[in-house]
Structure formats: C-alpha cells, structure tokens
Amino acid sequence: MASAPTLLNQPSEEQRRLVRRSKELLPAGTTTSVVPPDGLEFIVDHGDGAYLYDVDGRRYLDFFLGAGPLVLGHAHPRLVQTIQQSAEKGTHHFGLHRRTVELAERLVQYVPSAEMVRFAASGSEATFHALRLARAVTGRQGVIKFDGAYHGHHDLAVWSYEQTPIDGTQPTAESRGIQAGVSENIVVLPFNDPSALRQALEDAPERFGAVICEPHMRSIPPNPGYLEAMREACDRTGTVLIFDEIVTGFRLAPGGGQEYYGVTPDVTTLGKAMTGGMPMSAVVGKRAFMEHFDPASAPEQYAFHCGTYNGYYLAAECAHTTLDILIEEGGIEQLHRLGSLAREKLERVFIDAGEPVSMNGHGPMFHPYFSDRRVENNADVRASNLEKSAAFHCKLVEGGIYKEFVKGYVGLPHTEAHLDELARIAAWALAQLKV
Ligand code: PMP
C-alpha cells in the first residue's frame, strides 16, 4: 500500500474569498477555457524552480510548467537577470531590434524548414498566419487537421480537439460564433492513419491548401513512417505541410519534431519553450512560401501579417538566454533524460498497482492513459477510461502535484528526487481510487 503523502491543507478563508471573487469577475473564474475542478481551484502567489506556491503558501510540484513554456522552471536566475538588464533598454520598440534579427538567425540555424522568419506574440497567432499563408500561396481554401489536435483559438483551429465524437471526417465546432462557411473547408482525420490522409488528398487534389499537424500530437507520438507518408502525400498534391511545433519546438530537439523524426515540413510554427515563458511565437518556413508575407510580393498570393508585439524585444532577449541553456549547454539532452525517467517511474507505479496503462510521450513529455491498448489516436483516447484519469489527476492535485489532465512536462529544475515524489504520490492516488 502506497504511503500517504502530506496532503495540501484546506484553503484559507482569504484564498476562498479570492476564488469566489474570481468567479464573479472572470467567466468560469479563469483566464482561459481550462477550468480547474470545483474545490481544487487555487490562486497563485509565485513560482520558484520546480514549484508553484499559492497565496496560502501551499506548494505544488509543477509538471504543468505554465502550459509548456517554462522549460527552465519558474524564475530561472538567468532569465530574471536577462529581463532586468534588458528592460533598461525599453521593453518594446516596434522597430526591429538587433537581437530580434539575431534570433531569426538562430531559428534558421536550428530548425530544418526555416529559411525565413516572421514573429508573432502567441501560438494561436502563429498557426492562424501559417494557415493564411498556405491558403494565400496555393489559392486553395481547404485545411486538413487531425482529430484531437489543438492549434489555438481562431476560427480555422477550433475544430474537433476535445473528446467530441466526429461523424466521418466532419469537423465538430468547439465554439459557437465561428464565421459561417468555415466548416466546409475543414476536414478532420484520425492521426497515425496514412491511408486516410492519402485518400483525402488524392480524392480532391486541388481542394486543400494545408495539412496542419503537431508531429507529436498532444501526448501521442507518430508511428514510424507516418510523418514520411504525410510528407509524400502533400508533395504529390502540392499541399503545404505545416508542422505546429508550438509544443515540440526546442523540446524534442534543437530543430523540434522535424529534426527528431527526420521529416521537414514547408512551414513551421514555434512558441512556448522558445522564450522560457515570455509571449512570443514565430512562423518559419521555406523562402518560396515565406516571401509571400512581403507586401511587395505578388498581390494575388500576398498574406497580410501584422501585430504590435511581433518580435517583442524583451521576449527576444529571453529567447536568446533560453536557447543558450537548451541548445548550447545541453538542456534538451537533460530534458530527455528526465522525461524517460518520469515515464519509467510512472509506468512502474501503474504496473505495480495492476492498473492498465498506455504510457505516452516522447522527450520531456509524459502522460499515462488509463488504457489496456497503446493510445495512437484520439479514438483510443476516447476509448480510454477518462473518468478514472480525471479522478486520478484530481488526487494528484490534493497530493501537491500540478499536472495538466492531458499531458505532463518535465523541466530543467526537476530532479530524480522530484520524479520519485511524483511516483510516490501517483501510487497513493491510484490506491485512493480503489478505496
Ligand atoms: N498549438 C499547439 C500545439 C498548442 O499546444 C497551443 C497551446 N496549447 C497552441 C497552438 C496555441 O498557443 P497559444 O495558447 O499561445 O495561443
């Protein structure tokens, strides 16, 4: 029987008041659609290394890492110093800064598909502009995305990313208020199914401007040969292949999933880990596509892209520091070591508890699906025991582990002792589910 961890104390009256107030002021009491379960809400005070602290001083071992960007952990001393020193030069200038040009140089150096770069402020902006570019250049409206893939909040992205059933390849809208007619241009396919993709593209070779995919979709790695098949099918039909590497970029390898899996897309989106936690994203890609962002390019293929905070100076400086640590100083290798350990330790806990598990994730990402078969696409996710998974994750929070319900991240401040702590609390949480 797993030993009981020290559970979080009950929230103070002041924290309860803040949670109540947040629900009056912010719809669902949150700043996004990710809503914590009732009773497990907390109000953050600060982060430090691998830990997040709430206003009562309760401590959470953090595997959520700011939804992914905090590969260096919270308040890394070198990032803090970068911010302090850079802020003296102004936070933002709109005019292009030398350090932003140098950052573009680094992206071209590291990322195989990158010949030119445009910056934006968030991942959603990047996927929006990548899709607009693909459609502008090809003159084709159609977009293929994958069931369960998340690419942000805009009209071309909010389709079939939750566990909503789909009818054939028909997309399911995740929001009302989407521009009329968009759904006609979206086709949703199962991930890791090369023949479904080949067939969709070859049945209508002139229909699709883009295929957009995360090379490692949420917590689901690509099967061997799948991304290669995707590349070939896109080449045969002149479809732009977009890798959304907002999550995988600078995490799976210096050149992201495309380097790690050895398949080069036409256009790539980057964000999250790139800056270690500052709002900045990038669209990078082959020159033949990217040059259509230039207002002087052929008007019939021009893609408009603008934004006050594009290339935000403070974020560019943070990106340099983060990339120094991740790439020049071996950070990514360490993330891989930690990620393998997290998966091994957690899998052992499930096996010891007799709980069927598909331990998913590559590199620094991990996620245990409550499933007796390997989870390879979103139908497998739906077939897994999501209710039990949710109950397990709620127990983790009670034990002081903060992890997204669909994915876990390790970061550089994590140690083997932290992963043992994760395993210990996971064992306790599984035992609790049986009580
Ligand atoms: N693409 C992927 C793969 C993501 O995981 C996310 C965010 N979770 C986005 C795009 C959107 O990024 P943002 O939240 O910065 O708009």
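Each residue takes its place number in the sequence, starting with 1. Counting convention: from 1, in listed order, for ligands and their atoms alike. Quick caveat: nothing in here was measured; it's all calculated off a predicted structure.
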All ring-ring contact (aromatic ring centres under 6.0 Å, His included) counterparts of His336, not counting sequence neighbours: Tyr260

Plane angle bin for His393 and His367 - parallel if under 30°, tilted between 30 and 60°, otherwise perpendicular: parallel

For Lys395, salt bridge (charged side-chain N to carboxylate O under 4.0 Å, His left out) partners two or more places apart: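 Per chain and number, Lys395 pairs via salt bridge (charged side-chain N to carboxylate O under 4.0 Å, His left out) with Glu398.
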
Modelled atom types, side-chain donor and acceptor of Ser297 and Glu291, under 3.5 Å: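 No, no side-chain donor-acceptor contact under 3.5 Å.
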
Basic-acidic side-chain contact under 4.0 Å: Glu102, Arg98: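 So Glu102 pairs with Arg98 through a salt bridge.
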
Sequence neighbours excluded, every pair satisfying salt bridge (charged side-chain N to carboxylate O under 4.0 Å, His left out) that has a member inside residues 221-231: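 The answer is Arg231-Asp235, Arg231-Asp266.
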
Contact residues of ligand 1, where a non-hydrogen atom lies under 4.0 Å away: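 The 4.0 Å shell around ligand 1 contains Ser122, Gly123, Ser124, Tyr150, His151, Gly152, Glu214, Asp244, Ile246, Val247, Lys272.
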
